[in-house]
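Right, one structure below, let's go through it.
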Amino acid sequence: MLPLALGLSLRLFLLYHHPHFNGDTMIYGDIAKNWLRHGVYGQSDGNSFYATMIRMPGYPAFMAACFTLFGMENYFWVLVMQVVFDMLACVMLAAAAKKLFSARAGMAALWLSSLCLFTSTYVVVGLAESLSVFCTAWAIYALVLWRESLLQNENRKTWLHLASLACALIVAVFLRPDNGLIAASLLPAVFWIAWQRIGLKRAVSSLLLCSIIFLVPLVPWTIRNKREFGLFQPLSPRQANDPDEFVTYGFNLWCSTWEVDYASTEEVYWAPQINSIDINDLPARAFDSPQQRDDTAAIISQYNDGVANGTADTPEVDAKFMALAKQRIHTNPLRSRVLLPLARVANMWLRPRVEQYDYDLHWWNYPDHPQETLTALALGALNIFYLALAIVGWVRLQRHDAILLGLAALNVLRCMLLYTLDNSEP
């Protein structure tokens, strides 16, 4: 019980000292309120509201439930409930490790998950990430229980655990569309385990049942989007936009030709329509020549003028960013198509993740804030320690176990997805 008590204390400490609500939190909350008050899954626009599909309905539904139970716009209790689900995730991960390996492994998993500062941080953020962690743990545990009941020929439990796995997968997707990678990783493990144990025919039927339970709930959401927007959209759009919204494809592509670290994401990539851009926030790699720096400065100046008068992100400005991006890609395709995406993936794996603690985004500038730099370096070392444990565990344990291969596949697929992003995500 000690790791659970310490883990709960950590989360309550973060809840008291570092609760975090950002623009996305308010978007989710706005959708939840309109859903409750008007029966419309939509966003507010002054005194009116309109239908939207920019977010999957899972997290707004969770918020709506919290608002119903604890009061409208009571975001504090949203975070409290996330603490509860995160602690449940720790218990499920520990139980899965115990069944897969040993009681000692289960206890190690309980300590590591309970005291993991990186996942604990998101428990007190009004976003879907924490519940996504819960669903991942739920899916892993359900898969372990399913295989155990399959090996013991407990048919009733086998189907119940398979249904539980499918429910975990669909809830995860309703929280975040990229959680479809969990299904893509674990469903092949279901098929392989069933094939080896009960034969091809029943393996196919097991996979079909799990897939049907997983896919059917997406049908009403897809039909709703088709009726509202005339689009086949089973998941929320990649750019999180409604059909009538202007998407800055040129600006995004230009950012991808130089961005690596998360500081650039907040200072530049998320600027459109809201903030002006300071060219001094761009690193030297954003310019291939003095002339290109001058051209970039001119486009940014035009963009900043638009921010000032409310006409930022026009097609004209975005077309200039697109032309600049294509010029940079043509000059050095290896940099833009291979090296920078790899650098962004490495950044997302290795950085200390201090953005939730109001630290300076440029935490590595020791003279400006020595204490923040030292704390960030310590957290970076802790992050590497977790990764080292994962690598050692993979080398020492049953690498050919279908469940472990499924979890490895999840990491590979997630890296492939991160590779396609224009920016370094938090």
Side-chain angles (χ1 to χ4, degrees), residues 55-62 65 85-86 88-97 99-100 128-225 233-236 401-414 417:
R55 295 291 188 274
M56 294 297 289
Y59 198 65
F62 171 73
F85 280 106
D86 201 55
L88 287 174
C90 296
V91 172
M92 288 190 292
L93 286 175
K99 288 182 176 294
L100 280 172
E129 276 74 357
S130 182
L131 294 184
S132 294
V133 171
F134 166 77
C135 287
T136 306
W138 175 14
I140 294 169
Y141 187 45
L143 179 58
V144 171
L145 290 177
W146 169 76
R147 184 172 68 175
E148 182 182 64
S149 60
L150 187 69
L151 295 176
Q152 296 174 356
N153 293 316
E154 298 176 320
N155 288 334
R156 183 172 178 274
K157 287 185 177 180
T158 298
W159 294 114
L160 286 176
H161 292 318
L162 190 63
S164 177
L165 170 61
C167 289
L169 297 177
I170 187 57
V171 173
V173 169
F174 272 121
L175 288 168
R176 289 180 58 89
D178 55 297
N179 284 336
L181 297 179
I182 306 173
S185 305
L186 298 188
L187 287 181
V190 169
F191 177 76
W192 180 259
I193 293 169
W195 187 11
Q196 297 298 305
R197 179 64 183 172
I198 55 179
L200 180 60
K201 184 176 180 180
R202 291 188 62 188
V204 171
S205 64
S206 297
L207 181 63
L208 282 176
L209 175 65
C210 197
S211 299
I212 289 171
I213 297 174
F214 169 65
L215 293 172
V216 165
L218 286 171
V219 173
W221 173 251
T222 305
I223 293 174
R224 177 263 184 189
N225 289 339
Q233 192 71 47
L235 302 174
S236 55
D401 183 286
I403 294 177
L404 293 185
L405 288 173
L407 297 179
L410 175 57
N411 281 282
V412 171
L413 290 175
R414 185 163 290 280
L417 175 64

If you define the side chain from C-beta out and look only at heavy atoms, does anything of [X] sit under 4.5 Å from [Y]?
{"X": "T222", "Y": "Q233", "result": "no"}
{"X": "R147", "Y": "I403", "result": "yes"}
{"X": "L131", "Y": "Y59", "result": "yes"}
{"X": "W146", "Y": "I193", "result": "yes"}
{"X": "R197", "Y": "N153", "result": "yes"}

Ignoring hydrogens and angles, write down the donor-acceptor pairs under 3.5 Å from the side chains of residues 159-176, residues two or more places apart or on other chains.
unit_1: S164; atom_1: OG; unit_2: W138; atom_2: NE1; d: 2.9
unit_1: R176; atom_1: NE; unit_2: D178; atom_2: OD1; d: 3.1
unit_1: R176; atom_1: NH1; unit_2: E129; atom_2: OE2; d: 3.1
unit_1: R176; atom_1: NH2; unit_2: D178; atom_2: OD1; d: 3.3

Pairing residues for K157 by the salt bridge (Lys or Arg N to Asp or Glu O under 4.0 Å) criterion, not counting sequence neighbours:
none
Suppose we screen for salt bridge (Lys or Arg N to Asp or Glu O under 4.0 Å). Which residues come up paired with E154, at least two apart in sequence or across chains?
none
Take D86 and F134 through the test side-chain contact (heavy atoms from CB on, under 4.5 Å) and record every step on the way to the result.
CA-CA 6 Å; D86 201 55; F134 166 77; 5.9 Å; no
Tell me every residue that passes side chain to side chain donor-acceptor pair (under 3.5 Å) with [X], counting only those two or more places apart in sequence or in another chain.
{"X": "S236", "value": "none"}
{"X": "S149", "value": "T158"}
{"X": "Y141", "value": "none"}

Partners meeting ring pair (Phe, Tyr, Trp, His ring centres under 6.0 Å) with W221 (sequence neighbours left out):
Y41
Pair up each side-chain donor or acceptor in residues 199-218 with any protein partner under 3.5 Å, not counting sequence neighbours, and list the distances.
unit_1: S205; atom_1: OG; unit_2: R202; atom_2: O; d: 2.7
unit_1: S206; atom_1: OG; unit_2: R202; atom_2: O; d: 2.9
unit_1: S211; atom_1: OG; unit_2: L207; atom_2: O; d: 2.7

N225 CG to L235 CG distance, which is reported to the nearest 0.5 Å
9.5 Å
N155 side, atom CG; L150 side, atom CG - distance, nearest 0.5 Å
8.5 Å
Does anything in residues 177-206 pair up under ring-ring contact (aromatic ring centres under 6.0 Å, His included), and if so which pairs, sequence neighbours excluded?
F191-W195, W192-W195
Pairs where residues 205-217 contributes a residue and the test salt bridge (Lys or Arg N to Asp or Glu O under 4.0 Å) is met, not counting sequence neighbours:
none
Identify the two heavy atoms, one from F62 and one from F85, that lie closest to each other, and give their separation to 0.1 Å.
CE1-CE1, 3.9 Å
Quick one: list whatever passes side chain to side chain contact (heavy atoms under 4.5 Å, CB included) with L181, sequence neighbours left out.
L410, L413, R414, L417
